[in-house]
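Accompanying notes for the structure given below.
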Amino acid sequence: MRISVASDSLDGVASNLIFEIEKRGHTVIAHGALTDERADWAWCCSRAAEDVVSGAADQAIVCCWTGTGASIAANKIAGIRAALCPDAATAAGARQWNDANVLAISLRLISAPLLEEILDAWFAASASLDENDQANIAYLSEIEN
Ligand SMILES: O=C(CO)[C@H](O)[C@H](O)COP(=O)(O)O
C-alpha cells in the first residue's frame, strides 16, 4: 500500500517509522519533520490525511508527542477516521470495527518494539463485513456530510 506518514519531530519511534513501514512492503509519502517541509503537527498531519482523501495514499500514519494533536488534525479532514492507538489490540480494533484509515501514534508512549506490534496488527487487520459495523461507519459519513 501507499502510506502517507507525518510527524512533527524526529523524536522516539519517528526516527525509524519510515524504515518499519517500508520493511513491511509499503511505499511511503513523507511529511513534516520527516522531510524539509513544515513540521507543525496540525499542518503536517492534516497533509497526510489529505493524501488519503485525495487517493494519493491508501492510509496514513501521523505522529506527535502525545498523539492527540496528530489524531485531531487528521480527523478534521472529511472522510478521515483517525485512531490514536497505544497498543496492538487497539490498532487491530480500529481497523476492524472503525475502518480507521489513519493510525495516530504517540511518540511519548510508543517504544520501538511496541511500534512493531502496532504496525503488524494495523496492517494485518481489515474492516469488518458485519452489517452493524458497516452501519456505524455509514452513520459517521452521514453526520460528516
Ligand atoms: O503532542 C503534540 C501535539 O499534540 C506536540 O508534539 C507537542 O505539543 C510539542 O509540539 P512543539 O514541539 O511544537 O512544542
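Only this structure's heavy atoms are used, side chains among them; waters, hydrogens and symmetry mates stay out. Whatever order the structure lists ligands and atoms in, that order sets their numbers, starting from 1. A quick note: this is a predicted structure, and the numbers were derived from the prediction, not measured. In what follows, residues are counted from 1 in the order of the sequence shown.
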Numbering the atoms of ligand 1 from 1, which are under 4.0 Å from a heavy atom of T66?
-> 1 (O), 2 (C), 3 (C), 4 (O)
Salt bridge check: are E144 and R81 linked by an N-O gap of less than 4.0 Å?
-> no
At under 4.0 Å between heavy atoms, what of W65 touches ligand 1? The answer is both
For G69, counting its heavy atoms only, list the atoms of ligand 1 lying under 4.0 Å from any of them.
-> 4 (O)
Inspect the contact between R24 and D120 and indicate whether a charged nitrogen and a carboxylate oxygen are less than 4.0 angstrom apart.
-> yes
Check whether any protein heavy atom sits under 4.0 Å from atom 11 (P) of ligand 1.
-> no
Separation of C63 SG from L34 CG (nearest 0.5 Å) = 7.5 Å
With rounding to the nearest 0.5 Å, note down the distance linking CH2 in W65 to CG in L107.
-> 7.0 Å
Of the non-hydrogen atoms in D99 and A127, which two are nearest, and what is the gap between them?
-> OD1-CB, 3.4 Å
Run through E37, R47, E50, R38 and flag the one making a side-chain hydrogen bond (donor to acceptor under 3.5 Å, both in side chains) with H31.
-> E37
For ligand 1, indicate whether the residue D8 contacts it via side chain, backbone, both or neither (heavy-atom separation under 4.0 Å).
-> side chain
What residue and atom, counting heavy atoms only, is the protein's closest point to atom 8 (O) of ligand 1, and at what distance?
-> W41 NE1, 4.2 Å
Nearest to atom 2 (C) of ligand 1, what protein heavy atom do you find, and at what distance?
-> C64 SG, 3.5 Å
Of all the atoms in ligand 1, which lie at a distance below 4.0 Å from a heavy atom belonging to T68?
-> 4 (O)
Is the shortest distance from atom 4 (O) of ligand 1 to a protein heavy atom below 4.0 Å?
-> yes
Is it the case that more than 12 heavy atoms not belonging to N145 sit under 6.0 Å from its CG atom?
-> yes
